[in-house]
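Inspection log for the structure reproduced underneath, given as structure tokens.
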Amino acid sequence: TRAPKLWLWPLLITLLACLPLFMTSLLSPAYSPDSWAFYELSQTVFGDFYRITHMRSFASDVPYSAAFPPLWPTLIAVADAALGTGARTGLYLAFASFVGFALLSELIGRHATGAAWFGLAVALALLIGPKMVSIELAAGRTIPLQLALFALVVLGLLKGIAMTLLGAVG
């Protein structure tokens with residue numbers, strides 16, 4: 001069983017690299033109006049889907065939100081329903097998405113260059129700067145998920161396979 005051992009170190013290194021930011025974010029989340037909007041929209045997923053229940057800094061007379069695509073709020077709703085993690089659910093999902101992105105980046109690096117650790121190093125360098133990724137992680141927003149989805153597409157293109165989720169991850 002070489003495959004699970006092969007990924008143990010990249011996973012541990014990724015988790016250790018994310019740990020300080022994760023702990024800081026748990027203690028004092030850097031939520032923005034968008035963070036709260038994602039969470040509030042997630043509360044409508046199993047009911048009156050996307051009905052606006054909060055006021056933003058702009059006025060709109062439509063009863064349903066057009067502010068965000070529904071994937072992230074739906075993921076928040078499903079995870080919150082399953083785990084009961086409340087308003088921090090987006091934060092947990094953002095970090096999980098980044099871990100997925102880092103591991104996918106390692107897979108891309110190994111596939112494209114044949115070198116171990118290159119892809120992981122590039123992904124983890126995003127935590128150093130510019131601060132966009134760390135800010136998005138601390139706020140529980142969508143950039144980490146977008147990075148993971150983009151990495152799946154790149155991996156699929158590198159492997160030259162049909163673009164399905166299962167096909168992209170191998």
Side-chain angles (χ1 to χ4, degrees), residues 1-26 29-32 34-35 37-39 41-42 45 67-83 85 87-170:
T1 61
R2 179 155 160 66
K5 284 184 181 180
L6 180 71
W7 293 104
L8 180 62
W9 283 110
L11 177 62
L12 288 175
I13 289 169
T14 302
L15 292 174
L16 284 173
C18 290
L19 187 63
L21 180 60
F22 180 71
M23 295 307 294
T24 302
S25 300
L26 276 182
Y31 291 154
S32 68
D34 286 353
S35 305
F38 284 130
Y39 180 69
L41 286 171
S42 79
V45 168
F68 301 105
L71 179 59
W72 192 246
T74 301
L75 290 174
I76 291 172
V78 170
D80 188 24
L83 304 172
T85 48
R88 282 191 164 83
T89 306
L91 185 71
Y92 300 135
L93 289 174
F95 276 91
S97 296
F98 185 80
V99 169
F101 163 70
L103 296 177
L104 287 166
S105 295
E106 176 61 12
L107 194 56
I108 290 167
R110 288 178 186 197
H111 186 77
T113 68
W117 305 107
F118 178 74
L120 186 66
V122 170
L124 295 180
L126 294 176
L127 294 175
I128 298 169
K131 296 288 186 184
M132 178 193 71
V133 172
S134 57
I135 290 168
E136 290 288 313
L137 283 166
R141 293 189 303 243
T142 62
I143 294 294
L145 175 65
Q146 293 170 26
L147 289 170
L149 294 174
F150 182 67
L152 280 172
V153 170
V154 170
L155 185 59
L157 291 171
L158 284 173
K159 289 185 173 187
I161 56 177
M163 290 295 7
T164 66
L165 179 59
L166 290 175
V169 294

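Just so it is clear, the values below take in all heavy atoms, side chains as well, and ignore hydrogens, waters and symmetry mates. Positions are given from 1, in the same order as the sequence printed here.
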Worksheet item: About how many Å separate CG of L83 and CG of L93, when rounded to the nearest 0.5 Å?
Response: 8.5 Å

Worksheet item: CZ/F38 to CG/L71 distance, rounded to the nearest 0.5 angstrom?
Response: 10.0 Å

Discussion item. Looking at every heavy atom in both A30 and A139, which two are closest together, and how far apart are they?
Written reply: O-CB, 3.3 Å

Worksheet item: Going by the salt bridge (charged side-chain N to carboxylate O under 4.0 Å, His left out) test, which pairs reach into residues 143-152, not counting sequence neighbours?
Response: none

Worksheet item: How about L15 and F22: do any of their side-chain heavy atoms sit closer than 4.5 Å?
Response: no

Practice prompt. Looking only at non-hydrogen atoms, find the nearest pair between P69 and P73 and report the distance.
Written response: O-CD, 3.5 Å

Worksheet item: Within a strict 4.5 Å, meaning less than it, do heavy atoms of the L8 and L12 side chains meet?
Response: yes

Discussion item. Let me confirm one number: the CG-OG distance from L21 to S25, rounded to the nearest 0.5 Å.
Written reply: 4.0 Å

Discussion item. Please list all pairs meeting salt bridge (charged side-chain N to carboxylate O under 4.0 Å, His left out) that have one or both residues in residues 109-122, counting only residues at least two apart or in different chains.
Written reply: E106-R110

Worksheet item: Which heavy-atom pair separates L104 from A151 by the least distance, and what is that distance?
Response: CB-CB, 3.8 Å

Worksheet entry | Where at least one partner belongs to residues 97-147, residue pairs that pass ring-ring contact (aromatic ring centres under 6.0 Å, His included), sequence neighbours excluded | F98-F101

Item to complete: Indicate the atoms forming the closest heavy-atom contact of L158 with A112, along with that distance.
Response: CD1-CB, 4.2 Å

Worksheet item: Quick one: does I108's side chain get under 4.5 Å of V122's, heavy atoms only?
Response: no

Practice prompt. Check whether any side-chain heavy atom of W72 lies under 4.5 Å from a side-chain heavy atom of L41, and answer yes or no.
Written response: no

Discussion item. Any heavy-atom pair between the side chains of L127 and L137 that's under 4.5 Å?
Written reply: yes

Response to the item:
Rounded to the nearest 0.5 Å, the CH2 atom of W7 sits from the CG atom of L120 at a distance of 8.5 Å

Worksheet item: Hey, are the side chains of L26 and Y92 touching, using non-hydrogen atoms and a 4.5 Å cut-off?
Response: yes

Response to the item:
Across all chains, not counting sequence neighbours, the side chain to side chain donor-acceptor pair (under 3.5 Å) partners of S105 are none

Worksheet item: Please, which pairs that meet side-chain hydrogen bond (donor to acceptor under 3.5 Å, both in side chains) have at least one residue in residues 141-155, sequence neighbours excluded?
Response: S32-R141, E136-R141, T142-Q146

Worksheet item: What heavy-atom pair brings A79 and T85 nearest, and what distance separates the two atoms?
Response: O-OG1, 4.5 Å

Worksheet item: Tell me the side-chain hydrogen bond (donor to acceptor under 3.5 Å, both in side chains) pairs involving residues 14-23, sequence neighbours left out?
Response: none

Worksheet item: So which heavy atom on T89 is nearest to which on I76, and how close?
Response: CG2-O, 3.5 Å

Worksheet item: Got L145 and L75 here, is their nearest side-chain heavy-atom distance under 4.5 Å?
Response: yes

